[in-house]
Amino acid sequence: SSDMSFSEAEVQSARGAWEKIYVDAEDNGTAVLVRMFTEHPDTKSYFSHFKGMDSAEEMKQSDQVRGHGKKVFTAINDMVQHLDNSEAFLGIVNPLGKKHATQLKIDPKNFRIICDIILQLMEEKFGGDCKASFEKVTNEICTHLNNVYKEAGW
């Protein structure tokens with residue numbers, strides 16, 4: 001179903017966890033992408049301007065990587081603000097999923113990779129409770145994105 005089942009307490013603790021990492025949206029967003037490109041080099045192929053970059057240092061300095069890292073975090077932040085309103089949440093997830101499926105042709109498994117790296121980073125920086133508070137959110141995001149992909153014929 002398109003309905004999300006977050007209790008008020010889950011919404012609050014997820015937002016609290018997210019706020020900690022979102023304070024440094026550009027740096028943390030960049031760190032997530034750099035880790036993805038380094039650990040899963042095939043993901044670089046979707047970004048023509050990142051393809052030639054091999055060192056993490058070079059990626060970290062790139063305006064394009066930084067810009068996209070911030071974009072990813074901003075999109076997730078919009079979703080996190082609407083965990084208690086599934087219509088508004090889907091209003092963000094659906095167009096995003098559609099664009100990645102139809103225009104950008106991004107394999108949906110990459111969303112899970114990004115979400116897992118965000119959870120890793122949360123755990124490293126703020127501990128296991130922070131990660132645990134946000135896990136359900138990442139599952140929700142990935143589930144809905146996968147649904148959009150199915151509808152788009154993936």
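The chain is numbered in sequence order, starting from 1.
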Q) NZ of Lys136: more than 12 outside heavy atoms within 6.0 angstrom? A) yes
**Q.** More than 12 heavy atoms from other groups under 6.0 Å of CG on Asn139
**A.** yes
Q) Which class fits the ring pair His68 and Phe47: parallel under 30°, tilted 30 to 60°, perpendicular over 60°? A) perpendicular
Q | CA sep, side-chain torsions, deciding dist, call: Thr74, Tyr22, side chain to side chain contact (heavy atoms under 4.5 Å, CB included) | A | CA-CA 8 Å; Thr74 303; Tyr22 188 65; 4.0 Å; yes
Q.
Measuring only between side-chain heavy atoms, which start at C-beta, is Phe89 closer than 4.5 Å to Leu83?
A. yes
Q) Below 4.5 Å, heavy atoms only, C-beta onward: do His82 and Leu90 meet side chain to side chain? A) no
(Q) Regarding Asp27 and Arg66, does a basic nitrogen lie under 4.0 Å from an acidic carboxylate oxygen? (A) yes
Q. Hey, mind stepping through Trp154 and Val148 against side chain to side chain contact (heavy atoms under 4.5 Å, CB included) and telling me if it holds?
A. CA-CA 9 Å; Trp154 268 72; Val148 176; over 6 Å; no
(Q) Using only atom types and a distance under 3.5 Å, with no angle test, would you say the side chain of Asn146 pairs donor to acceptor with the backbone of Cys142? (A) yes
Q) So how far is it from Asn28 CG to Leu33 CG, rounded to the nearest 0.5 Å? A) 11.5 Å
Q) Are Met59 and Phe50 side-chain neighbours, meaning at least one heavy-atom pair lies under 4.5 Å? A) no
**Q.** Heavy-atom side-chain proximity of Phe111 to Thr138 below 4.5 angstrom
**A.** no
**Q.** Interatomic spacing from CD1 in Ile113 to CD1 in Ile118 - rounded to 0.5 Å
**A.** 12.5 Å
Q.
Just so I know, are the side chains of Arg15 and Asp84 near enough to count as touching, which here means a heavy-atom distance under 4.5 Å?
A. yes
Q. Given the rule that I, L, V, M, F, W and Y join up when any side-chain heavy atoms are under 4.5 Å apart, are Leu104 and Val65 in one cluster?
A. yes
Q.
With heavy-atom distances below 4.5 Å as the criterion, would you say the side chains of Tyr149 and His100 are in contact?
A. yes
Q) Shortest non-hydrogen contact from Met79 to Val93? A) SD-CG2, 3.9 Å
Q) Hey, are Asp116 and Arg35 close enough for a salt bridge, meaning a charged N less than 4.0 Å from a carboxylate O? A) no
Q: To the nearest 0.5 Å, tell me how far Glu123 CD sits from Cys130 SG.
A: 9.5 Å
Q) With no hydrogens and no angle check, do the side chains of Glu124 and Gln120 hold a donor and an acceptor under 3.5 Å apart? A) no
Q | NE2 on His144 to CD1 on Ile92, rounded to 0.5 Å | A | 11.5 Å
Q. Looking at side-chain heavy atoms only, is the closest gap between Asp54 and Lys44 below 4.5 Å?
A. yes
Q: Quick one: do Asp78 and Phe73 satisfy side chain to side chain contact (heavy atoms under 4.5 Å, CB included)? Show the steps, please.
A: CA-CA 9 Å; Asp78 291 342; Phe73 266 47; over 6 Å; no
Q: Measure the CD-OG1 distance between Gln64 and Thr30 for me, rounded to the nearest 0.5 Å.
A: 12.0 Å
Q.
Quick one, Ile114 with Asn110, criterion side chain to side chain contact (heavy atoms under 4.5 Å, CB included). Give me CA distance, side-chain angles, the key distance, then yes/no.
A. CA-CA 6 Å; Ile114 282 196; Asn110 293 320; 5.7 Å; no
Q) Is Asp63 atom CG crowded by more than 12 heavy atoms from other residues, nucleotides or ligands, each under 6.0 Å away? A) no
**Q.** Any Val137 side-chain heavy atom under 4.5 Å of Phe6 side chain
**A.** yes
**Q.** Short N-O contact, Arg112 and Asp107, less than 4.0 angstrom
**A.** no
**Q.** Side-chain (Glu10) to main-chain (Ser7) donor-acceptor, under 3.5 angstrom
**A.** yes
Q) Which atoms form the tightest heavy-atom contact between Ser133 and Ser13, and what is the distance? A) CB-O, 3.6 Å
Q: To the nearest 0.5 angstrom, please state how far the CD1 atom of Ile106 sits from the NZ atom of Lys99.
A: 10.0 Å
